[in-house]
Amino acid sequence: MSALHAPVLRWYDDHARELPWRGPEASAWSVMVSEFMLQQTPVARVLPVHEAWLRRWPTPADLAAESTGEAVRAWGRLGYPRRALRLHAAATVIAEQHDNQVPSAYADLIALPGVGDYTAAAIATFAHGRRHVVLDTNVRRVLGRAIGGVELPPASITKAEREEALAVLPADEPTAATWSVAVMELGALVCTASSPRCGDCPVADLCAWRAAGHPAYDGPPRKVQTWAGTDRQCRGRLLAVLRDSDGPVHRSRLDAAWSDEAQRARCVASLIADRLLVVAGPDTYALP
């Protein structure tokens with residue numbers, strides 16, 4: 001067993017946050033919904049929306065029975081609303097092909113619409129206790145520092161990273177599942193990107209990055225996401241108008257939501273192309 005295992009697992013036992021998708025009563029569907037919502041979105045923003053979704057749609061079939069527009073409406077302001085469409089599509093397949101039960105096998109999960117390698121591994125691990133390499137940003141950062149001695153991981157997952165994560169994954173399936181969520185939690189709460197709290201880290205004495213004197217990241221420049229004035233912000237404003245309406249809205253309401261005519265037209269067209277918006281009449285739009 002790796003020397004990292006025992007201290008990280010003990011730390012998790014003492015410091016794990018109580019989250020609704022982690023409790024013993026949490027369904028696999030709850031875990032799946034959380035994984036879709038947590039992509040690029042903080043836990044604090046996800047919690048109320050996750051609770052509302054599970055209350056309204058406690059099973060995949062319940063969501064599949066609704067229109068995609070209702071999924072987009074309920075997604076609220078989580079951002080990246082195409083995730084709502086993908087979750088709806090995955091729920092439909094689960095209801096029709098998996099007897100309304102979120103599958104436990106990686107192969108079945110990755111075959112679902114909108115489910116990639118990370119999400120398939122995470123659902124299999126966190127919902128069903130399977131042994132898989134789960135590499136999100138937090139896990140990659142912890143392993144990169146503790147084992148690789150680098151401040152931040154590369155922009156994209158490398159073969160070496162995956163092999164390293166597999167090598168340190170406990171052999172016992174239940175322990176491996178707990179290890180995966182424990183490392184993720186350590187990255188979220190202690191081994192953070194900008195202000196790591198090394199004094200609170202259970203493996204500080206084993207950390208290669210700390211031993212090397214905390215060398216600064218020296219890889220390619222990392223992209224910094226902007227928001228103000230972008231098409232993402234414009235699309236969000238336009239969708240908010242639709243979400244807050246009980247029916248179709250007139251073009252004039254979208255005009256009022258975003259003043260730049262060319263950008264607004266471009267974003268309306270992209271929302272229609274992404275099936276987040278439909279043309280309801282000559283001058284009206286609606287959720288699908």
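Note that the structure is predicted; figures quoted are calculated from it, not measured.
Taking SG from Cys201 and CZ from Arg210, the interatomic distance works out to 8.5 Å, rounded to the nearest 0.5 Å. A distance of 10.5 Å separates CG of Leu87 from OG1 of Thr119, quoted to the nearest 0.5 Å. For the atom pair Thr175 OG1 and Leu9 CG, the distance stands at 7.0 Å (nearest 0.5 Å). To the nearest 0.5 angstrom, Cys267 atom SG is 11.0 Å from Leu254 atom CG. For the atom pair Arg82 CZ and Leu271 CG, the distance stands at 9.0 Å (nearest 0.5 Å). Remark: Tyr106 OH to Asp108 CG distance equals 12.0 Å, nearest 0.5 Å.
Between the His128 side chain and the Pro103 main chain, a donor and an acceptor come within less than 3.5 Å of each other. When atom types are taken as modelled, the side chain of Ser245 and the backbone of Val241 share no donor-acceptor pair closer than 3.5 angstrom. Side chain of Arg83 to main chain of Met37: a donor-acceptor pair is present (N/O by atom type, distance under 3.5 Å, no hydrogens or angles). Within the 3.5 Å criterion, the main-chain N or O of Gln101 finds no donor-acceptor partner in the side chain of Asp99. Listed for the Glu35 side chain is no donor-acceptor partner under 3.5 Å among the backbone atoms of Val31.
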Decide yes or no on side chain to side chain contact (heavy atoms under 4.5 Å, CB included) for Val268 and Arg251, but give the supporting numbers first.
CA-CA 10 Å; Val268 167; Arg251 182 191 302 273; over 6 Å; no
Go through the steps for Glu185 and Arg22 under the test salt bridge (Lys or Arg N to Asp or Glu O under 4.0 Å), then give the verdict.
CA-CA 12 Å; Glu185 191 78 334; Arg22 285 187 187 163; 2.7 Å; yes
Asp117 vs Arg162, test: salt bridge (Lys or Arg N to Asp or Glu O under 4.0 Å). Steps then yes/no.
CA-CA 12 Å; Asp117 170 73; Arg162 192 171 294 280; 3.3 Å; yes
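A salt bridge links Glu51 with Arg55: the distance from a Lys NZ or Arg NE/NH1/NH2 to an Asp or Glu carboxylate oxygen falls below 4.0 Å.
Residues Asp255 and Ser252 bring no donor and acceptor atom of their side chains to less than 3.5 Å of each other.
Counting heavy atoms of neighbouring residues, nucleotides and ligands inside a 6.0 Å radius, atom CG of Asp244 exceeds 12 of them. Counting heavy atoms of neighbouring residues, nucleotides and ligands inside a 6.0 Å radius, atom CZ of Arg77 does not exceed 12 of them. Within a 6.0 Å sphere centred on CZ of Arg275, other residues, nucleotides and ligands contribute 12 heavy atoms or fewer.
In terms of heavy atoms, Ser180 sits closest to Val139 at O-CG2, 4.2 Å. In terms of heavy atoms, Ala90 sits closest to Pro113 at CB-O, 3.6 Å. Closest approach of Arg141 and Gly187 over heavy atoms only: NH2-O, 2.9 Å. Taking every heavy atom of both residues into account, Pro60 and Val102 meet most closely at CG-CG2, 4.4 Å. The two atoms that bring Thr192 and Pro196 nearest to each other are OG1-N, 3.4 Å, heavy atoms only. A pairwise comparison of heavy atoms in Leu143 and Glu164 identifies O-OE1, 4.0 Å as the closest pair.
For residues 23-63, the ring pair (Phe, Tyr, Trp, His ring centres under 6.0 Å) pairs, not counting sequence neighbours, are Trp21-His50, Trp53-Trp57, Trp53-Trp75.
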